[in-house]
A.B. asks: 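The structure follows.
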Amino acid sequence: MELSKNYIPQDVENKWNTAWKAGGYFKSKPDDRPPYTVVIPPPNVTGVLHMGHTLNETVQDILVRRARMKGFNACWVPGSDHASIATEAKVVAMLKEKGIDKNTLTREAFLEYAFEWKEKYGGIIYHQIEKLGCSVDWDRVTFTMDKDYYGAVIKVFTDLYQKGLIYRGARMINWDPSAKTALSDEEVEYKDGEGTLYHIRYAITDADGNPLQSPVTGENGIIIATQRPETIMGDTAICVNPNDERYAYLKGAFAEIPLINRRIPIIFDDYVDMAFGTGALKVTPAHDINDYNLGLKHNLEIVDTLNEDGTLSEAATIYIGEDRFAARKKIIAELREKGLIVKEETYATRLGYSQRTGAVVEPRISTQWFLKMKELAEPALKAVLDGDITIHPGDRFLATYKYWLENVKDWCISRQLWWGQQIPAWYDSKGNCVVAENEEAARTLYQQQYGSDAVLTQDEDVLDTWFSSWLWPMEVFKGISNPGNADINYYYPTSVLVTGQDIIFFWVARMIMAGLEYNKEKPIVEAIPFRDVYFTGMVRDKLGRKMSKQLGNSPDLLQLIDEYGADAVRFGIMISSPAGNDLLFDTASLEQGRFFNNKMWNALKLVKMWEQKLSVDLPEQDPFATEWFASRLNEVKQQVDKLISEFRLSEALKVIYSLIWDDFCSWYLEWVKPDYEQPVAAAVFYKTINFFSELLQMLHPFMPFITEEINNILGNQNPLCVKTLPVEGAVDGARLAEGELLKQAVTALRDAKARNQLKPKQEITVFLQTENGRVYEKIIPVLARQANATAIELVSEPVADCLNIVLGKDRLYVQAETPVDTAAQKEQLEKDLVYQKGFLSSVEKKLGNERFVQNAKPEVVAMERKKKADAEAKIKAIEETLAQLV
RNA sequence: GGGAGCAUAGCUCAGUUGGUUCAGAGCAUCUGCCUUACAAGCAGAGGGUCCGCGGUUCGAGCCCGUGUGCUCCCACCA
């Protein structure tokens, strides 16, 4: 078989995706093995995978593949989220482009368009997940609007309603005027901005309508400060602090709203900060949460001057139908013109934006459905504080999680949208309401409650997307729609949840709540939805900026896979991904992944060449090399095991990368490599194949395609993805130490050549003066070949006219035909001598310190004594060498 | 306003109960090599006041205090 010059990922990746699928290796059914369950955080059905997904999916795949290879029954469930508001916004936009206004459509017609859209674009993410090499069980694909899933959401709503945890009522909520729906608190993102604070004069009259002047300043009227002049028409009071002497004269007085001249009362409340602004506050209960509360307290009228789309309503009486921001400009202009604005100042403010549509959110009073959170939050907090669920990295997120749950407010779960689970509440013409899982049940219930039949109409609204995704770890196994089935019993709780830290409240906390609420009868460790939560950081560009469409710094995943190969993409994103920290994405790291592919590919080519020239009779030339590598391999296996169990995947990958590139390719293969066109000992060859196979297996979870391919070409019949990881073997510390000595000796000789203008291939003779000859004996054959030495002889006396190298306590003399540059050598040795002397003196100082010798642990003191002896020996070796270099 | 995290080489980061030559890795840089697996490579090298200050200790990159500078989360002062 002819191997290509370089590794070409495209064909290989498609080939193995097909083979894996055909083999059904990633399908999972309950059996006797312990389960390892992961549910994918469902991406938006009509979205595409961005780099954040790529990171999450890769992390999950690494964990799942490794678990599978460790003998677990690994099950990774793929799926997608209907993403109610995001998808609906896209469909509305699509319809608009076609010239269709959503408002002209019936609910049914709209949903037909939406499902069509979902069918058309919903496959994209699945395709991307597959291209990336994710070992998911495609038989288990779940969509949050699947029939069963839909039913489960309705069932949970009904259940929570019956438990009294869900209620309906008019409250101040966050309103998205673009999507024309209510939002939860979590869906509002606050951004700092610069606003203007307008100081506006309101006229003051007494109860009879006569103008009042301030006895203090003699001024007419009262000045209030606001950032939102367009809401003045909604004012229903002016509020001042009762202790504010400036305004004491306003008892029983009235203010007049400018432009519309409506009379509103002056109220007194110490909520008002006398020092802020003018100390007078306009109260607009319909459009500000604080004003709303103040209004409740003082029993104020509520005048809602905005329509649902953010235009001014009839209640505003002026600028009706104008957008709020346009109206603001006009109102400011009119106020200015009338001389009612006495001051304008820029003001640092924070505005709330809708997470999905980007529209500026309006606080609005509206009748919505809410879920009481306090009862649900308590056990969810306890599970994490008690350590039943572990968050990684914990230090950073525990406090955040705790704070949120301790201060959680009721969750507004209704949305004025069509794409989603329609709220199972039915009303009669008077507004009486029954909640049931379907219309028939509702009818029965209605009859029971009201003793008569009536025309019932279902609530128009749908549920927040997160009200369905919080059931994800249960309902992907039909744990809600069909409780107690074999799958849910076997796979739940899931093993680990891998997700972005940005959805800790939206999703993670709520899943824990739902899991605990619907598994109350079970012990806590079986009720939780997952045992570990692994938060990945945010993916940013290499300048540290968030990835966004506007900046154009968000690369297309499929394009990256085309360019670099899926393995290189996975490598690149993992190698630069320290646990939990933000990741600065740079294609340079993908390139590194591609280079790594080629490195392994070339190693493959080398050993395949050996296969042509096997010699069964040839004895193993250097058993040291294979012994050393076996130990090294086992050492790294232990390290990798530990790192992965701590979710330090990036470090695990680095360790494996270095093992393959440095230890295996740069050292081991060179040590066992036969001379040009010479045969290789069969024993060495087969050992090498085994080493290589084990390396591939270790790397496979990170880079599944190339490892599978090379494993196959090496002659391993069974697919790597389901090959059980071998039991770890022994680590021989002595071998490892010898290996290190060998590396150092080789490097020292090469360095000496380089410094003395000797060609690397230049043949040399080496004389070695050491008290440690027995250790060297083993490595001398390899050392000789690696350094191109015709001979390495042990000597007890210095050899003249040689390059002098001091390696620890040992001295090497290199004899070559080229004359020796003593000056350069001297310089090098003297530099080393200075360092060693400095080191020695610091050790001596330590040992001379009585308190150190008394207080430090005996082994530490012993170590210092050894350091001292070693340093002295080294200094002696250097000084002797220098003395000889006259 | 409350809380959390971070600061180590040019860049991105390790450094796991304070003690091996602990000051590290990768990338980048520099030097020399087209050496029959690999120039997408090989061999070698240089590079840091571990943010400042103070403290604890025989000993601090690591612990404590403080200052500075970043980052994030939460919060109803118009």
Side-chain angles (χ1 to χ4, degrees), chain A residues 3 5-7 172 190 197 224-228 239 271-273 275-284 288-294 347 349-350 363 393 395-400 402-404 407 501-502 504-505 538 542 544 575-578 580-584 586 588-589 591-592 594-610 642 646 648 650-651 654-655 657-658 665-666 669-670 673 676-677 746-747 750-755 757 759-761 788 835-836 839 842-843 846 849-857 859-861 863-864 866-867 870-871 874:
Chain A
L3 295 173
K5 181 172 187 303
N6 293 319
Y7 175 68
M172 181 69 86
Y190 292 91
L197 202 53
I224 58 93
T226 180
Q227 293 182 67
R228 305 201 54 191
C239 187
Y271 164 76
V272 176
D273 180 355
F276 189 88
T278 61
L281 172 70
K282 76 195 240 339
V283 187
T284 323
D288 185 287
I289 179 69
N290 305 300
D291 293 13
Y292 176 71
N293 291 332
L294 209 52
Y347 182 71
T349 186
R350 276 160 48 85
D395 47 344
R396 219 165 312 172
F397 296 107
L398 201 58
T400 313
K402 184 165 181 276
Y403 184 87
W404 188 76
N407 296 282
Q501 53 201 248
D502 50 328
I504 183 168
F505 308 137
M538 186 188 286
K542 63 177 167 186
I575 203 79
S576 48
S577 175
N581 284 347
D582 283 356
L583 171 163
L584 303 193
D586 186 346
S589 64
E591 211 159 63
Q592 199 188 341
R594 195 167 52 183
F595 296 168
F596 187 31
N597 278 340
N598 278 320
K599 188 68 189 177
M600 289 187 285
W601 189 250
N602 279 305
L604 169 69
K605 284 183 358 195
L606 178 66
V607 298
K608 288 307 270 187
M609 275 173 55
W610 295 353
K642 183 164 182 290
E646 292 165 350
R648 298 164 72 168
S650 172
E651 284 168 64
K654 279 177 189 165
V655 168
Y657 173 78
S658 166
C665 293
S666 296
L669 288 179
E670 294 296 335
K673 193 177 182 175
Y676 183 51
E677 302 222 307
V746 171
T747 303
R750 284 173 179 165
D751 185 30
K753 280 187 176 177
R755 283 181 194 283
Q757 279 80 43
K759 289 242 153 66
K761 276 180 110 176
N788 250 304
Y835 177 80
Q836 293 296 346
F839 176 72
S842 87
V843 174
K846 231 185 228 185
N849 184 333
E850 267 179 48
R851 289 202 285 177
F852 168 73
V853 180
Q854 280 168 10
N855 296 332
K857 280 178 278 183
E859 59 267 31
V860 174
V861 178
M863 185 58 70
E864 290 300 321
K866 184 173 182 302
K867 275 154 74 176
D870 285 354
K874 285 176 193 173

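Just so it is clear: chains get the letters A, B, ... in the order the sequence lines come, proteins before strands, and each one is counted from 1.
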A.B. asks: Taking only residues two or more places apart in sequence or in another chain, which ones pass side chain to side chain donor-acceptor pair (under 3.5 Å) with A:Asn849?
C.D. replies: none

A.B. asks: Taking atom C1' of B:A43 as reference, at what distance in whole Å does atom CD of A:Gln757 sit?
C.D. replies: 15 Å

A.B. asks: Rounded to whole angstrom, note down the C1' distance from B:G24 over to B:G15.
C.D. replies: 7 Å

A.B. asks: Would you kindly compare A:Leu584 and A:Val843 by the position of their nearest RNA chain B nucleotide and give the one closer to the 5′ end?
C.D. replies: A:Leu584

A.B. asks: In whole Å, what separates the P atom of B:G19 from that of B:C62?
C.D. replies: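 So the two P atoms sit 11 Å from each other.
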
A.B. asks: Please name all residues satisfying side chain to side chain donor-acceptor pair (under 3.5 Å) with A:Asp288, sequence neighbours left out, ordered by chain then number.
C.D. replies: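 Residues passing side chain to side chain donor-acceptor pair (under 3.5 Å) with A:Asp288: A:Asn290.
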
A.B. asks: Would you list the protein and nucleotides 55-63 of chain B atom pairs, both N or O, that sit under 3.5 Å from each other?
C.D. replies:
unit_1: B:C58; atom_1: O2'; unit_2: A:Asn849; atom_2: ND2; d: 2.7

A.B. asks: How long is the line joining NZ of A:Lys642 and C1' of B:A14, in whole Å?
C.D. replies: 13 Å

A.B. asks: So what stems show up for RNA chain B if we need 3 or more Watson-Crick or G-U pairs in a row, all under 3.5 Å?
C.D. replies: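 Correct response: B:1-7 with B:68-74, B:10-13 with B:24-27, B:29-33 with B:41-45, B:51-55 with B:63-67.
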
A.B. asks: Whole angstroms only, please: what is the CZ-P distance between A:Arg648 and B:A25?
C.D. replies: 17 Å

A.B. asks: Categorize A:Glu850 for me: base, sugar-phosphate, or nothing, with a 4.0 angstrom heavy-atom threshold over every strand shown.
C.D. replies: nothing

A.B. asks: Give each protein N/O atom lying under 3.5 Å from an N/O atom of nucleotides 44-48 of chain B, with the pair distance.
C.D. replies:
unit_1: B:G44; atom_1: OP1; unit_2: A:Thr747; atom_2: OG1; d: 3.2
unit_1: B:G44; atom_1: O2'; unit_2: A:Asp751; atom_2: OD1; d: 3.2

A.B. asks: From the options B:U16, B:A40, B:A4, select the nucleotide whose nearest atom is closest to the side chain of A:Ala399.
C.D. replies: B:A4

A.B. asks: Between B:A9 and B:U29, how far apart are the two C1' atoms, rounded to whole Å?
C.D. replies: 12 Å

A.B. asks: Taking the C1' atom in each of B:C13 and B:C50, what is the distance between them to the nearest angstrom?
C.D. replies: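 That atom pair is separated by 13 Å.
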
A.B. asks: Rounded to whole Å, how long is the line connecting atom CG of A:Asn598 with atom C1' of B:A40?
C.D. replies: 5 Å

A.B. asks: Suppose you measure atom C1' in B:C22 against the same atom in B:C38; what distance do you get, rounded to whole Å?
C.D. replies: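 Straight-line distance between the two C1' atoms is 35 Å.
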
A.B. asks: What pairs with A:Arg228 under side chain to side chain donor-acceptor pair (under 3.5 Å), at least two apart in sequence or on another chain?
C.D. replies: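 Listed in chain order: A:Glu230, A:Glu362.
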
A.B. asks: Give me the distance, rounded to whole Å, that separates B:G18 from B:U71 when you measure between the C1' atoms they each carry.
C.D. replies: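 That atom pair is separated by 29 Å.
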
A.B. asks: Would you call A:Glu670-A:Lys673 a salt bridge at under 4.0 Å N-O?
C.D. replies: yes

A.B. asks: Under 4.0 Å from OP1 or OP2 of B:C38: is there any side-chain N or O of A:Arg594 that close?
C.D. replies: no

A.B. asks: Could I get a table of every N or O pair under 3.5 Å where one atom is in the protein and the other is in nucleotides 30-37 of chain B?
C.D. replies:
unit_1: B:U36; atom_1: N3; unit_2: A:Tyr676; atom_2: OH; d: 2.6
unit_1: B:U36; atom_1: O4; unit_2: A:Tyr676; atom_2: OH; d: 3.3
unit_1: B:A37; atom_1: OP1; unit_2: A:Lys673; atom_2: NZ; d: 3.3
unit_1: B:A37; atom_1: O2'; unit_2: A:Asn602; atom_2: OD1; d: 2.8
unit_1: B:A37; atom_1: N7; unit_2: A:Lys673; atom_2: NZ; d: 3.4
unit_1: B:A37; atom_1: N6; unit_2: A:Cys665; atom_2: O; d: 3.3
unit_1: B:A37; atom_1: N6; unit_2: A:Glu670; atom_2: OE2; d: 3.1
unit_1: B:A37; atom_1: N3; unit_2: A:Asn602; atom_2: O; d: 3.0
unit_1: B:A37; atom_1: N3; unit_2: A:Ala603; atom_2: N; d: 3.3

A.B. asks: Where along nucleotides 71-78 of chain B does protein come under 4.0 Å, by heavy atom, of base (B) or sugar-phosphate alone (S), with - for untouched nucleotides?
C.D. replies: --SSBBBB

A.B. asks: According to side chain to side chain donor-acceptor pair (under 3.5 Å), who are the partners of A:Asn598, at least two apart in sequence or on a separate chain?
C.D. replies: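 A:Asn598 satisfies side chain to side chain donor-acceptor pair (under 3.5 Å) with no residue once adjacent residues are dropped.
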
A.B. asks: Going by the rule ring-ring contact (aromatic ring centres under 6.0 Å, His included), which residues pair with A:Phe596 if we only count those two or more places apart in sequence or in a different chain?
C.D. replies: A:Phe571, A:Tyr657

A.B. asks: Name the nucleic acid region contacted by A:Tyr835, choosing base, sugar-phosphate or nothing; use a 4.0 angstrom heavy-atom cut-off, strictly under.
C.D. replies: base

A.B. asks: Roughly how many Å apart are B:U31 and B:U36, using the C1' atom of each and rounding to a whole number?
C.D. replies: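 Between the two C1' atoms, the distance is 25 Å.
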
A.B. asks: Mark yes when over 12 heavy atoms from residues, nucleotides or ligands other than A:Lys542 sit less than 6.0 Å from its NZ; otherwise mark no.
C.D. replies: no

A.B. asks: With sequence neighbours excluded, tell me which residues meet ring-ring contact (aromatic ring centres under 6.0 Å, His included) with A:Trp610.
C.D. replies: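 Here no residue qualifies.
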
A.B. asks: Taking salt bridge (Lys or Arg N to Asp or Glu O under 4.0 Å) as the test, write out the residues that go with A:Lys402, two or more places apart.
C.D. replies: A:Glu406

A.B. asks: Measuring only the P atom in each nucleotide, how far is B:A14 from B:A7? A whole number of Å is fine.
C.D. replies: 7 Å

